[in-house]
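Accompanying notes for the structure given below.
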Protein chains: 2
Amino acid sequence: MSAEPLETRLRSATKEVVIGHGHRFCIIGERINPTGRRIFQEQLRAGDFSAIERDVKAQVEGGADVLDVNMGVPLTDEPDLLAKAIQLVQSHTDLPICIDSSVVEALEAGLSVYQGRALVNSITAEDDRMAAILPLVKKYDAAIIALPNDHDEIPMEADKRLDLTAKIIRVATTEYGIAQADIVIDPLAMPIGADTGNSLVTMECMRRIRDEFGVNMTCGASNVSFGMPDRHTLGAAWLPMAMTAGLTSAIMDARSPQIVDSVKAADVFLNHDDWGMAWIAAHRAKQAASA
Amino acid sequence: MSAEPLETRLRSATKEVVIGHGHRFCIIGERINPTGRRIFQEQLRAGDFSAIERDVKAQVEGGADVLDVNMGVPLTDEPDLLAKAIQLVQSHTDLPICIDSSVVEALEAGLSVYQGRALVNSITAEDDRMAAILPLVKKYDAAIIALPNDHDEIPMEADKRLDLTAKIIRVATTEYGIAQADIVIDPLAMPIGADTGNSLVTMECMRRIRDEFGVNMTCGASNVSFGMPDRHTLGAAWLPMAMTAGLTSAIMDARSPQIVDSVKAADVFLNHDDWGMAWIAAHRAKQAASA
């Protein structure tokens, strides 16, 4: 027997986005993140937020449903920076935000200024991380991304990831009063270049997490092609596979038409786009734009 | 418990191709088929086979593992045409052939001249079709594509397709002595434009056919996008989804880099391309060709 599929509801001040097994895939734009972007880091240190405005625009136009915002710039006041960035992003778009930081104080600063119902990125199965972050998730009525790993180790066995998923759900619901529908599990998509068996383990986890818990899932989709050539083609194939296995959202490159179109095509085949109307409408819009 | 995965071995005079759940996806080039190709039909009627040579070359270069050969031209001697076409194709490539006809005499004519171990396309679960074709499959030591439909009706329920699959396997193995490994089931991929729930039924069939029987599967992949815009993008998303569900080969457009690359990417994620070596080598070859 499969668990009932759950819906995770995110909101900005004016717009709601639903993540769910019966819904269109939720595209979480990954771009507003200074990791690996040296110039962006320098701009942020200098108080120049102009790149964020461009990143919002490109991702909204590309088809993002939610925007991840990470301000992990070394040697800055990350809580202050994240709060400012969130306010700026919310002034430019009505998409809900995924507030992304490894720093608890930054998450709280972000949550305190956020207008709506945010997705928080992230906790692990470690007790101290849950104890630090889940009370904030509860206080601000947010949803939470949770990684089924422990002590900074990524378990390679599906059984272990399932055990840690069960632990997270049990602790978050019973000890912190978080609704199971608001726990979004990251089944840990690892680079295929490191071990070509990785993806089978991740897909097994997705199937079992959907069947046993009914929760939603997300992951850093760009990670799977890390270190390989022709990454967009790999991403465009991997996402439909993962969607078939039960993935309901991804933090991904919303600016790549190849990858976004592939997700939209998979939505048609998963019967999340009635009569392909959205697919056909998007095709017509592209034709009109190029005419 | 899952059934043991089976291997279907096809051969030309000099080359073996294995279809199997633990192997790279088998790309069967669909192009040598006059259906919907008016000029090609006229050429074939006039005895001009030059298009076949071009179609062989384009599909071999595109990445086909097997070539489907269909000579269903109205008002011609199809057995004679099919036998000639097969001999011509075998003089131009060492890829095995899928001998494709609805005419029993044409299948026999094709089998009688074929060098190697062919795949025959196709039977249904209808007793008269099985009685006419399976003795030929046995006599010429071929493999057979079987569609789980009855009396020309396509059952829309997965249960019914599974029942007919079980019937085909039982009859073919016990009454005609065909090895279960040589039965390749076509789970019936219907156009998504006709009913957007079609694809979910087909994918459920694929999962259950793999788990219950371990047999290989193929289908006419281009069919799923029939009538929809941007068909190559739909095909490039659908095949990785179907491969995830258990499809091990497809009769498909081997001349579309977008679709073939998507299949090759899915092979990496299904751990059918150790360390992604084939993926990396293909990327390098493309770079060298464009340098």
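Within every chain, numbering begins at 1; the chains are lettered A, B, ... in the order of the sequence lines, protein sequences first and strands thereafter.
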*Interface residue of largest heavy-atom contact number with chain A, from B/Leu239, B/Val263, B/Leu270, under 4.5 Å*: B/Leu270

_Heavy-atom cut-off 4.5 Å, strictly under: side chain, backbone, both or neither for B/Met203 against chain A?_
side chain

_Take a 6.0 Å sphere around CE of A/Met156 and say whether it holds more than 12 heavy atoms from other residues, nucleotides or ligands._
yes

N/O donor-acceptor pairs between chain B and chain A, cut-off 3.5 Å:
from     : atom 1 : to       : atom 2 : distance (Å)
B/Thr196 : OG1    : A/Asn271 : OD1    : 3.1
B/Thr196 : OG1    : A/Trp275 : N      : 3.3
B/Pro229 : O      : A/Trp279 : NE1    : 2.9
B/Asn271 : OD1    : A/Thr196 : OG1    : 3.1
B/Trp275 : N      : A/Thr196 : OG1    : 3.3
B/Trp279 : NE1    : A/Pro229 : O      : 2.9

*Contact winner vs chain A - B/Leu234, B/Ile192, B/Val224, heavy-atom pairs under 4.5 Å*: B/Leu234

*asked:* With rounding to the nearest 0.5 angstrom, report the CE to CE distance, B/Met241 to A/Met241.
replied: 10.5 Å

*Side chain, backbone, both or neither: which part of B/Met228 has a non-hydrogen atom closer than 4.5 Å to chain A?*
side chain

*Where does B/Leu200 contact chain A at under 4.5 Å (heavy atoms): side chain, backbone, both or neither?*
both

*asked:* Given heavy-atom pairs under 4.5 angstrom as the criterion, report whether the side chain, backbone, both or neither of B/Ala282 touches chain A.
replied: neither

_salt bridge (Lys or Arg N to Asp or Glu O under 4.0 Å) pairs, two or more places apart, involving residues 215-229 of chain A_ = none

_Selection from B/Ala242, B/Ala245, B/Gly276, B/Ala266 maximising heavy-atom pairs under 4.5 Å formed with chain A_ = B/Ala266

